Amino acid sequence: MVHQKTARFMAALFAMLMISGAPALAEQAAPKLANVTILATGGTIAGSGATSTTTVGYTAATVGVQQLIQSVPELAKVANVTGEQVFQIASESMTNEHWLALAKRVNALLTQSNVDGVVITHGTDTMEETAYFLNLVVKSRKPVVLVGAMRPSTAMSADGPINLYNAVLLAAHPDAVGKGVLVAMGDQIHGARDVSKTNTSTPDAFKTTELGMLGYLQGGKPFFYRVSTRKHTADSEFDIGGLTALPQVDIVYGYANMNSVALDAFVAAGAKGVIHAGVGDGSLAARVKPALSAARQKGVVIVRSSRVGQGILARNGEANDDQLDFVVSDTLSPQKARILLMLALTKTSDTKELQRLFYAY
Ligand code: DGL
């Protein structure tokens, strides 16, 4: 008799809870997922090969963004994901025009209240460059994460799916806000300014060797241990809103027995700036220095950088930059120095101001 009364009471209590909005309470308990837009540009992450053991000699940029999303159903557990195919190219073919179009799309998306973060799938060959360009021109603190793969989607142990999952959960996470543009590869979080591709083909290719990566991605969570100290994104003074092109800046590579043929050709073709990727601390070969000085006299901005890959490019070290009116690249690689100089030249050609920008970004 007592059991029947208890059962009736519990049934009535349950009914009251259901009517009272318990499901809503349950729903409130479930965290609201962030809205992340995936902008697909191509690359190996969208690549395909003839067999499961084909890890080189495959075709990049063949798989569309919707297929990339469908291939990782776990994405739906970490974010509300939408996808856009902005390009479908191998990243060695990325151009200034691609960068301007991509940056404008990112900035437009991030002004929308229903977009919390952006992931960009990209080839690894120039990922570090696109990341740095966006680091300088994205006008938002919302997360922007670049991701790629070292193996095509058809390969055994393809790294694309887990890299994409990690990139989306990073872009959806509040800890990624205000950190600048990030690169998520191999369970690691890198800052756009200092990351580089350090191996032609192995899955651990992306490293921030001496200045250090920012953190890890593990168990569906990001773990940050450091932040970039240079200006970026919302704090950047660069604005590409009204730009349809960027000034021509080229790179001359330093080596023993170097001559000035390439430099002279770039100047003749109308380059506004030249990055000298010198040996050592940006040293100038005796038969190249006059040509660099002549180029400067013609109004071409010369930035001394280094092919070495690590370390500070010392002003007035291997050359009298004050006297030559050159700029030095600080710790930026030649390819990233080119990006900063292109954007800087949209604002000024004054070498003192240019040098300030190289020490600020
Ligand atoms: N063609 C190269 C690129 O699109 C493939 C390398 C990769 O994406 O991993 O960057």
Side-chain angles (χ1 to χ4, degrees), residues 38-69 71-72 83-103 105-106 118-135 144-168 170-171 181-190 192-209 213 217 251 309 333-336 338-339:
I38 297 176
L39 299 180
T41 72
T44 294
I45 193 169
S48 53
T51 72
S52 64
T53 55
T54 306
T55 56
V56 290
Y58 52 82
T59 307
T62 59
V63 176
V65 65
Q66 295 309 331
Q67 192 175 340
L68 287 177
I69 294 171
S71 69
V72 188
E84 294 181 15
Q85 192 78 43
V86 285
F87 319 123
Q88 185 68 295
I89 61 171
S91 76
E92 62 270 25
S93 300
M94 203 56 83
T95 65
N96 289 350
E97 289 68 35
H98 286 118
W99 280 349
L100 287 169
L102 178 62
R105 185 61 188 139
V106 170
V118 167
V119 165
I120 298 167
T121 58
H122 195 288
T124 59
D125 287 358
T126 61
M127 183 188 293
E128 67 202 66
E129 296 182 54
T130 302
Y132 186 53
F133 177 75
L134 294 172
N135 203 46
V144 175
V145 181
L146 276 82
V147 64
M150 294 302 294
R151 294 175 177 158
S153 55
T154 47
M156 196 187 313
S157 305
D159 54 334
I162 185 63
N163 284 350
L164 181 58
Y165 173 75
N166 278 337
V168 169
L170 179 60
V181 172
L182 302 171
V183 169
M185 288 290 287
D187 297 348
Q188 297 180 347
I189 306 170
H190 296 269
R193 183 187 186 276
D194 303 317
V195 67
S196 55
K197 182 175 181 179
T198 65
N199 188 289
T200 57
S201 57
T202 55
D204 66 345
F206 279 77
K207 290 186 170 56
T208 307
T209 39
M213 66 184 185
L217 289 148
I251 303 173
S333 63
Q335 57 270 30
K336 290 186 180 179
R338 171 185 168 269
I339 294 166

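Residues take their numbers from the sequence shown, with the count starting at 1. Just so it is clear, the model here is predicted, and its values are computed rather than measured. Start at 1 and go down the list; that is how both ligands and their atoms are numbered.
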Among protein heavy atoms, which lies nearest [atom], and at what distance?
atom                   : answer
atom 5 (C) of ligand 1 : T44 OG1, 3.0 Å
atom 1 (N) of ligand 1 : E92 OE1, 2.7 Å
atom 4 (O) of ligand 1 : S91 N, 2.8 Å

Once the angle between the rings of F133 and W99 is folded into 0 to 90°, is it parallel (under 30°), tilted (30 to 60°) or perpendicular (over 60°)? parallel
Contact atoms of ligand 1, heavy-atom distance to [X] under 4.0 Å:
X    : value
G43  : 4 (O), 8 (O)
A90  : 1 (N), 4 (O)
G123 : 3 (C), 4 (O), 8 (O), 10 (O)

Judged by atom type as modelled, is there a donor-acceptor pair below 3.5 Å linking the side chain of [X] to the main-chain atoms of [Y]?
X    : Y    : value
N163 : G148 : yes
S196 : T208 : no
D159 : M150 : yes

Just distances here: any N/O of H122 and N/O of ligand 1 closer than 3.5 Å? no
Starting at CG of N135, measure out to OG1 of T130 and round the result to the nearest 0.5 Å. 12.0 Å
Quick check for you: to the nearest 0.5 Å, what is the distance between M185 atom CE and H190 atom NE2? 8.5 Å
Is A149 close enough to touch ligand 1? Criterion: a residue heavy atom under 4.0 Å from a ligand atom. yes
What one should report as the nearest heavy-atom pair of R338 and E129 is NH1-OE1, 4.4 Å
Checking heavy-atom distances from atom 2 (C) of ligand 1 to each of V56, I89, D125, the winner is D125
